[in-house]
Amino acid sequence: FSSQSYFPLVNPTNGFTSLNPSKSLNIFYFNARSLLPKFDDLLLFCVSHSPDIICVVETWLSPEISDSEVLIPNYLLFRLDRSRHGGGIAVFVKSNLSVSPLPF
C-alpha cells in the first residue's frame, strides 16, 4: 500500500498519525480504487501494523457486497457505498475503541 494522510502530525516514514504521544492513535488512510481485489493485502497490513483506525476511500463497494465479505477480525466496520460506479468509503475501527457514528 502507498499511504497518504491528510491528518495533522503525520510521520511520513510510515503513514501513521499520532494524535498524542502518550496515548497514540494510529490511523491508516488509503485510496483503494476497488477494495475487494486488495482486501487480502489489507488484512496482512493489519496483522503486521495493527492500526487503530483504517480509512478507505474509493472502495467501489455496492449494497450487493455484504459486510461479511470485507470484515477485518477485531475491527468494527462503518461504510457508505455509492449508488453509481466508483466512490464509497469504509472506516474500520478496532473493536476495543469506543466509537459511535454521527448522524449526517
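Just so you know, residue 1 is the first one in the sequence shown, and it goes up from there. All values below come from the heavy atoms of this structure, side chains included, with hydrogens, waters and symmetry mates left out.
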Might you work through the side-chain contact (heavy atoms from CB on, under 4.5 Å) test for V93 and F78, ending with a clear yes or no? CA-CA 8 Å; V93 180; F78 301 91; 4.1 Å; yes
Within one Ile-Leu-Val-Met-Phe-Trp-Tyr cluster: [X] and [Y], side-chain cutoff 4.5 Å:
X   : Y   : value
L80 : Y29 : yes
F30 : L36 : yes
L43 : L61 : yes
L44 : I54 : no

Of all heavy-atom pairs linking I72 and C46, the shortest is CD1-SG, 4.0 Å
At their closest point, which heavy atom of L77 faces which heavy atom of A90, and how far apart are they? CD1-CB, 4.1 Å
Side-chain atoms of residues 63-71: list all donor-acceptor pairs with protein atoms under 3.5 Å, sequence neighbours left out, distances to 0.1 Å.
residue	atom	partner	partner atom	Å
E64	OE1	S62	OG	2.8
S66	OG	S68	OG	2.8
D67	OD1	R79	NH1	3.0
E69	OE2	S66	N	3.1

For the side chain of [X] and the backbone of [Y], is there at least one donor-acceptor N/O pair under 3.5 Å apart?
X   : Y   : result
E58 : A32 : no
D52 : I27 : no
D40 : L42 : no
S48 : F45 : yes
K94 : L76 : no

Out of curiosity, I89 CD1 to R82 CZ, how far, rounded to the nearest 0.5 Å? 10.5 Å
Measure the CG-CG distance between N74 and N96 for me, rounded to the nearest 0.5 Å. 8.5 Å
Keeping to residues at least two apart or across chains, list the ring pair (Phe, Tyr, Trp, His ring centres under 6.0 Å) pairs with something in residues 55-77. W60-H85
